[in-house]
Amino acid sequence: MRTLNAPWMSDEHKLFADSVARFIDEECVPHEARWAQEGEVDKELWTKAGEAGLMGAGIDEEYGGFGGDYGFDAIIAYQQGYTNTLSWGVLLQSILKHYVSAFGTEEQKRKWLPGMISGELIPAIAMTEPGTGSDLQAVRTKAVQDGNEYVLNGSKIFITNGQQANFVIVVAKTDPEKGSSGISLIALETDGLEGFKRGTNLDKIGMKGQDTSELFFEDVRVPMTNVLGMEEGKGFYQLMQQLPWERLGIGFWALGAIDRAIDETLTYVQNRKAFGGRLMDLQNTRFKLAECQTKADVTRAFLDRGMEQVNLGELTASDASKAKWWATQVQCEVIDECLQLHGGYGFMSEYPIAKLYTDARAQKIYGGANEVMKELIARTMDAGG
Ligand SMILES: Cc1cc2nc3c(=O)[nH]c(=O)nc-3n(C[C@H](O)[C@H](O)[C@H](O)COP(=O)(O)OP(=O)(O)OC[C@H]3O[C@@H](n4cnc5c(N)ncnc54)[C@H](O)[C@@H]3O)c2cc1C
């Protein structure tokens, strides 16, 4: 089983990578096909991962974590990509624990971080709405103050972990008159929360074992102390601060899937016979695989640089955007070429390349559509324009 092997990895990272690989092999790989049919993972997976000590990276021990850098979570993302087991929405846990850790008050950190790390709090972030996705400033979900509570109304769509989450950070307008400075992040503990409803589990063309849902808020009352950082109007800034890691993490997911696609295809073309030889002996096959490997290695180098930067707090929005659009674009291109080299077998669900193909497509859309990534990059090139 291949695990991530990167220049920034210490002995501790390597040991962690072995534990992650073991965990995913035992707890995810055998169940992935069933989860795809059921539309969600077994809920106990979260607490099992908590017990195995996998979800505490980057968080101080006093809040239940084990410290360390973003590399530990990149190892999980890569391994999920490589093993073709994207059903478990654990990248959301990695993203959201950093929101709470970076911006939460002391009380919020003590209240929410231990549960997120033990797997008892299953996290989701609810930004996208039926009427707006890329244009986050246009969100219409409103939180209106009433005494020392907010009353939340609105709806969200395409929310990962939407069926299972019991800790949802909602992007809401606390001041609808203002654009980005009217946005706040409001945490909801949803167990028994009146007015909070989930839509059906959405039927997707890929990532079928990952639950994705609409969420509805109808006069949901939430204490004002649940605004992240207890600071109204800081939501947009908080999102922007955390997006670099989210985008790099998506890149490591992509890299795992790219490596798996190449490994699968190499084995396939070395064994498949055509025209009196192996598919691997045809020049087109050799050139295509050489191109795929080159793209994989170029992507790897950029992601590794991004990892060093994110750990220093120096990954710029622009470089994170480059990592996200490039890695996911390469993922889709490489997997498409690899599927082609499988011929008709590549289109059959029993071959891993087919699932890699359908699961890859959403990567160019969420975490910021790739066109939005390019716009962010262009803005830094045209700063005075
Ligand atoms: C599987 C899956 C999981 C998701 N998980 C979550 C989640 O957990 N939480 C959450 O909040 N959201 C989630 N999303 C939603 C996702 O983030 C949005 O779909 C995405 O941001 C795009 O928003 P939209 O769908 O409204 O598309 P739109 O904003 O309507 O954009 C449509 C297309 O227009 C183009 N476009 C948009 N803006 C620009 C621009 N500025 N310049 C050039 N072209 C542009 C792009 O091609 C884009 O794909 C998920 C989506 C999927 C598919």
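Sequence positions, counted from 1, serve as the residue numbers for this chain. For ligands, and for the atoms within them, numbers begin at 1 and follow the listed sequence. For the numbers below, each heavy atom of this structure counts, side chains included, while hydrogens, waters and symmetry mates do not.
In this pair, Trp8 and Phe252 present their aromatic rings perpendicular. The plane angle is above 60°, beyond the 30 to 60° band.
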When you pair each N or O of ligand 1 with protein N or O atoms, which pairs come out under 3.5 Å?
unit_1   : atom_1 : unit_2 : atom_2 : d
ligand 1 : 5 (N)  : Phe158 : O      : 2.9
ligand 1 : 5 (N)  : Thr160 : OG1    : 2.8
ligand 1 : 8 (O)  : Thr160 : N      : 3.0
ligand 1 : 8 (O)  : Thr160 : OG1    : 3.2
ligand 1 : 9 (N)  : Ile125 : O      : 2.9
ligand 1 : 11 (O) : Met127 : N      : 2.8
ligand 1 : 11 (O) : Thr128 : N      : 2.9
ligand 1 : 11 (O) : Thr128 : OG1    : 3.2
ligand 1 : 12 (N) : Thr128 : OG1    : 2.7
ligand 1 : 14 (N) : Phe158 : O      : 3.3
ligand 1 : 23 (O) : Ser134 : N      : 3.4
ligand 1 : 26 (O) : Gly133 : N      : 3.2
ligand 1 : 29 (O) : Ser134 : N      : 2.9
ligand 1 : 29 (O) : Ser134 : OG     : 2.6
ligand 1 : 47 (O) : Glu371 : OE1    : 2.9
ligand 1 : 47 (O) : Glu371 : OE2    : 3.4

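Within the structure, the salt bridge (charged side-chain N to carboxylate O under 4.0 Å, His left out) test picks out the following pairs touching residues 361-376 (sequence neighbours left out): Glu375-Arg379. Judged as a salt bridge (charged side-chain N to carboxylate O under 4.0 Å, His left out), the pairs with a partner in residues 54-65 (not counting sequence neighbours) are, in order, Glu62-Arg110. The list of salt bridge (charged side-chain N to carboxylate O under 4.0 Å, His left out) pairs with a residue in residues 148-162, not counting sequence neighbours, reads Glu129-Lys156, Glu149-Arg221.
Gln163 and Ser213 share a donor-acceptor pair across their side chains, judged by distance under 3.5 Å alone.
A salt bridge links Asp297 to Arg300: at least one charged side-chain nitrogen sits closer than 4.0 Å to a carboxylate oxygen.
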